[in-house]
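Data block below; observations after.
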Amino acid sequence: MIRFLLRKFGLAHLRKESPSTPEGKLLHSDLEENLALFREELGNSPDVIIRRFTLNLRNELKSAVLFIDGLIDQQVIYDSILYPLMIEAKKEKWAVKGHLIDFIEDNLLTVGGVDKDDRMPGLVAAVLAGDSVLLVDGCDQALAISTKGWEKRSITEPDTEQTIKGPREGFTENIRTNTAMLRRKIADPGLKFEQMKIGERTRTKVSIAYVKGIVNEKLVEEVRRRLKRINTDMVLDANYLSEFISDAPFSPFPTVAFTERPDVTAAKLLEGRVAIFVDGTPVVNTAPTLFIESFQNPDDYNFHFLFATMIRWIRYLAFFLGILLPAFFVALTTYHQELIPTPLLISMAAAMEGVPFPIVIEVVAMGAVFEILREAGVRLARPIGQTISIVGALVIGQATVAAGLVAAPTVIVIALTAIASFVVPTQQEIGIILRLGLTFLAGILGAYGILVGLLLTLIHLTSLRSFGVPYLSPVIPLSIEDQKDVIVRTPLWAMWTRPRSIGWPRPIRQGFGQSPTSPEETAGKDWSRPDDKKG
Amino acid sequence: MIFLVILGFGLIVVVEVPSLIRRQYWRELVVFSFFIFVGLLLTVFLTLGVELPYIDVGLTKLITGLGEALGLKPG
Amino acid sequence: MEEGRISSSQLSLLAISYLIGTTFLLSPGSQAKQGTWLTILLGLGEALIPVLIFTTLAKRFAGKSLIEINDLVWGKIVGKLFSLVFLWYIFHLGSASFAIFVALFKTTVLIATPEVILLISGLLSCIYVSKKGIEVIARTNEVLILITVLLLILGFLLVLNIFNANNLFPVIEIPITRLLWATQESSSLFGQTIVFMMIFPYLNRRKSCTGAIIKGLVVAAILLMSSAVRTTGVLGKISESYIFPNYETDRLIDIGNTLTRLEILPVLNFLTMGFIKSSVSLYVTSLGTAQLLNLRTYRPVVIPLGILMIIAATQNYPDISSHLRFVENIHPIYALPVQIIFPLITLLLAIIRRLPCQGENQ
Amino acid sequence: MTRSVVYVVKKKWVLLVILLLLSGCWDRKELEKLAIVTGIGIDYGEEGDDYQVSFQIARSGEVKTPGSSSQDGGGGGGGSKSVWLLKSKGATIFDAVRNATLQSSRRLFLSHNQVVIINKEVAEKGLLPVIDFLIRDHEPRLNEWLLITREQAETILSLESGLEKISALAIADLMRNYYLSSKIRAVNLHEFAGTLLAKTTENTLPIIGVVKTDQEKGMVIEETGIFKSDKLIGYLNKKETRGLLWVLGKTQDGVVVVELPGEEGKVSLEIFGAKSKISSKVSEGKIRFEIDIAEVGSLGEQTSYANLSSREKLSLLENLKAKVIVEEVEAALKKAQECKADIFGLGEYLQRQNRKEWEKVKDNWGELFPHLEVKVKVKTKIRWLGLLTKPTILEQIK
């Protein structure tokens, strides 16, 4: 359809055009010319440093180290490049055999990553990535020496996903740190990362993470395919990818999940999902995503299972309240007054005496006010934000009611809705959309309108898929054994299979029947995992 | 009112037809346009207040007629 | 034409909703007064005949829909004629269920709202889900049927305090002939499952169709019987003078003078079932039309047929009571050819002509 | 695929939005624009057969409740009365209801109507024309209470209740708590209509009247009216009313007062609950009924000095109580048979128990009923004595 529109508006050619790729220039053997090449590629911006020096092996050679200031670790450059080349090299008379560059690489440089290249693009890319390039006069090859090192944010707890118990660490902007954190969680050789660079200009490092043997190979293939498809010039955040790879781009429901927590990522990988790390953002995409995941919080597994179950029910309740409460309120007070008990009805009528607007308008307006306050609170610096939202809410709530512009019940309903909508953070955006739509429908057709709205939503949800997995599973299609983590949160020793719809290649997660028992019963029990035995 | 009806049907056509054309589903297009036309016709009649026959009544007549023809007692 | 596949349990659930879709509102065989539940039971037994006939037919031509079977057995012209009658029947069912719910809403909840709005807003969901295909219909139905059953149980508990078992007796108050007729009436309602002849090909295990349908029938019958018992138990004599007995029963709910007038909930709940009925009818009609005219996809005809369906809904009957009479007196006969005669003679001819020849369906 | 599917989604919403834009809100009735009717009174108008219907409408503004934060309830007009009695005339009830909107600024909302009070004359002419609207229309609730009054219905509705702000609610609560005395036959609309359809059973409705104290007037449930089909034809006094309730098995509480032979003072025995079992026998063409009533109660109070806490005394009391109950039931029976009205539903028991006989007699049941012979058997128990074993008084004083 999009293609159709594009053709209609004669924009089709835009899609053909793709960013131009620089062709590979070869190095010369003369140092100055090479440096000139680099200058024309990189321009002479102040942060491009060229350190000239003379390397004297058997005879003096003009050389230069080229790097970008701020991307490199000074210590490494001095200790492992300049010092050996300028000082160590003098000490004894070398018998240089073979190619000079190779000789230097083999005998002098005491750095981990060194690779040889004779074309500009690779070298420029290396320099931009924080390596430093060693050029020696007379050689038409150069060494890209890895001297990466820059300021990093330290590991802190993510503000978006706080837990009461459980680990306090969250991902950082550095992809290596993040992958390392994941490795620390999963010390299994099966954990694989696949690196690729996406974004013509940003050249962002993106790596797919999955646990071989648990994950469904087809899924990984699908993720690869979708990522390869992407042809954009910048990737600055995980969302830049997820919008490209999600199944239902127009659906308000997230078909790719986000998290900033290593423990959550690890858990999801071990269920058979795939994680997508993006360099430069602490947010990690995981797929496939189920609707139910929005209601599963890391703390569910850190607390006692009865409590966790209760909390989960509370979450379901809150989600539905957040979506339905205003609509129900409108429907009840403008269409189905007979449902309200008589005394309550009379007192509500008393409260609404002399309120000028229809209740729909009231509800929608108050909802809008609340959203404004919330947005203001989020964007502003935290202390100011809180004061603003609180004061604003209080003042507006109080004043409007006192002035008789809005009935007290409306304010109560909106407040309750607002609080409820915060309980399930990942579904908030949908919450807002659905709430508004349903409220309008309720205002026009009453409960029937609500029903129509809910039906459409339900149909949409049932038709959604995330990387081939039905979005509503394990509820629809129903799989009984997966209810262990949906309706209730059973004890961990009882969750002995992985989610049917995702981790099916290796369904068995742990030995069956490990419920703690008295020692003598436990005695001759075999706890090894069935599917390990078979291979 | 008529205008609204036309508008609605126009909307449906705009929404449905392009994809058919793009996929060269000519046969489907014909069927679609036939049904749509009938629908439009009937809707216009209804909006103009033309008395259309009721289905149940017709069927009742038909079946009782048949029953008598076959000499059975009507249900 | 249709990529989706559904499991046999999903089929049974679909059958349940299809059967109780409208029947919940105008309960079948209510002319049998206290004996309603009995007529439903007998009707279930009688309904096994058509069900067995057409499921045998379906099994014989595994993977073929009724339309294709007709073409195979009767040849192009006669086959298409039969298919046309069948499609008309389903189309009529769909429009009727639309009409009934409009009637319900116009008399109870939304008096002033023009029918068109109700119809269109209902039609939207039906078109939407029908375009998504059978798989989505089945899954949506799973949720709705779950809610329905829960609400039914709830409804039972809520009327326990006004339930009077004496109202259930004497069971048979009407002459036996009327009882039999009522039985025929309810059985003809159960026979509506013939609609699934178009859906059998999309079962993932085709042989299981008979079992699935019968399961559906039984559960639906149980639900209907329980609601009939509930209605007579609560309303007593007056129940037969109401148009929507079930609705009236819920109007009487009164728990501690606070939980009262809950009728809107069951109304919406029945509405979901009616939605499924209309959707399945719309889907099957479109699919059938597409097969009849050998189109490549049924999706383009969904919207036009939907519109025709709601037009038919407005033109279904002059008033609801006349429709009740129709369901009571005419429908049992009207349904006979589609539900029993056509499938039966098709089956016989197929046996005579030794169809399907080998390699025609496998 | 995905793309087209999603496109379908968008399309639908577009359609829906347009639909909504086209549509107004037809059935919307804003809460503050409703006149919440709590009670309906039905009288004959002055001239001819047209009705005067009076509506008791709650002035929500005046009914101050903690929930309501809006000051001085808007349109109420400073009148301190928390209800507004609106009278309107009409050829039919519905007509009158709609005519009421000629006077009321707000739409009359019947869904919360609690009681329907009907004037005696109307009841004698027949209730069906009155209640049909109440049953047919979707707004009124089926479990609203029906009452008959000898006064004008409007005067009853205009009475003030001692405790409640809205007297109709008070009446409704009276009906709900009928069992405290078991001297009220509380019938709601649905039950009444159901009984109308019954072949043999006749209806009974409570009669509400006015009790005058020196300064103010209050309402009181006086007795019970007997109906023949839908026409009021006779009355049961309180005693007979309880007799009726005994048979219907609706007696759950209340007090039976007996006098001890030979002692001065009375003993009031509290009823804890009663069951009734009705069985019909047909022998040589005569139909006999037997009503078994089993009652359990306690010693509630004694105004005599005797020490009653001995088994034989108690069994004596039990017998006395049984006698009283039998009297009550027989009184009710007598009255019913005078009126030729089978208010106990004996006919239905006959229908259930021996069908053939019923088939024969069902058509002239009204003629047959007065001559039925009905045996009343009562078994009573006194299981509890309250908190005292014997009267708090020394033996030797008396």
Side-chain angles (χ1 to χ4, degrees), chain A residues 248 251 291 320 324 327-328 330-347 437-438 440-465 468-480 483 486-487 501, chain C residues 4-7 9-10 13 101-102 104-105 108-113 117-118 120-133 135-147 251 253-265 267-272 274-276 279:
Chain A
S251 164
F291 187 61
F320 283 109
L324 286 176
F328 270 141
V330 169
L332 276 186
T333 47
T334 52
Y335 285 89
H336 312 297
Q337 289 94 346
E338 69 269 11
L339 267 90
I340 311 174
T342 313
L344 177 59
L345 179 80
I346 291 174
S347 61
L438 288 175
F440 268 121
L441 282 169
I444 285 151
L445 289 173
Y448 175 64
I450 299 181
L451 187 78
V452 171
L454 285 180
L455 269 182
L456 287 171
T457 320
L458 178 66
I459 300 166
H460 175 59
L461 275 173
T462 44
S463 66
L464 267 186
R465 283 174 175 278
V469 179
Y471 192 54
L472 279 187
S473 67
V475 182
I476 327 170
L478 185 71
S479 83
I480 300 297
Q483 300 306 315
V486 176
I487 297 175
S501 51
Chain C
R5 288 280 176 276
I6 63 172
S7 72
S9 59
Q10 282 177 322
L13 290 178
F101 279 97
V102 168
L104 175 67
F105 271 85
T108 58
V109 191
L110 303 167
I111 314 299
T113 314
I117 301 300
L118 300 174
I120 294 178
S121 48
L123 181 64
L124 276 174
S125 337
C126 293
I127 290 178
Y128 184 18
V129 76
S130 307
K131 282 215 171 198
K132 296 280 183 141
E135 209 168 307
V136 174
I137 298 182
R139 288 192 186 150
T140 316
N141 178 49
E142 279 183 57
V143 185
L144 297 182
I145 194 90
L146 185 71
I147 300 169
R251 270 182 81 185
I253 291 175
D254 181 355
I255 304 297
N257 196 30
T258 49
L259 216 57
T260 56
R261 301 299 300 270
L262 297 177
E263 64 252 29
I264 186 67
L265 301 178
V267 165
L268 297 181
N269 174 16
F270 299 151
L271 183 63
T272 56
F275 155 75
I276 292 293
S279 309

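Everything numeric here is computed off the predicted structure, so don't read it as measured data. Order of the sequence lines fixes the chain letters, A, B, ..., with proteins taken first and strands second; residue numbering starts at 1 for each chain.
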Please identify which of these residues, C:R139, C:K132, C:E135, meets the side chain to side chain donor-acceptor pair (under 3.5 Å) condition with A:S463. C:K132
Testing the basics here: between A:V452 and C:S125, what is the closest heavy-atom pair and its distance to 0.1 Å? CG1-OG, 4.2 Å
Say you draw a straight line from CG of A:L458 to OG1 of C:T272; how long is it, rounded to the nearest 0.5 Å? 10.0 Å
Contacting moiety of C:T140, where chain A heavy atoms sit under 4.5 Å: both
Looking at C:V267, C:I264, C:V109, C:L118, which one forms a side chain to side chain contact (heavy atoms under 4.5 Å, CB included) with A:Y448? C:L118
Please examine the side chains of C:L144 and A:L455, heavy atoms only from C-beta on, and report whether any two atoms are closer than 4.5 Å. yes
With a 4.5 angstrom heavy-atom cut-off, could you sort out which part of C:L110 is near chain A: side chain, backbone, both or neither? side chain
Within the structure provided, determine whether A:I459 and C:F275 are in side-chain contact (heavy-atom separation under 4.5 Å). yes
Report the option among A:L344, A:L454, A:T342, A:T462 that has the most heavy-atom pairs separated by less than 4.5 Å from atoms of chain C. A:T462
Which atom pair, heavy atoms only, marks the closest approach of C:L268 to A:L451? O-CD2, 3.8 Å
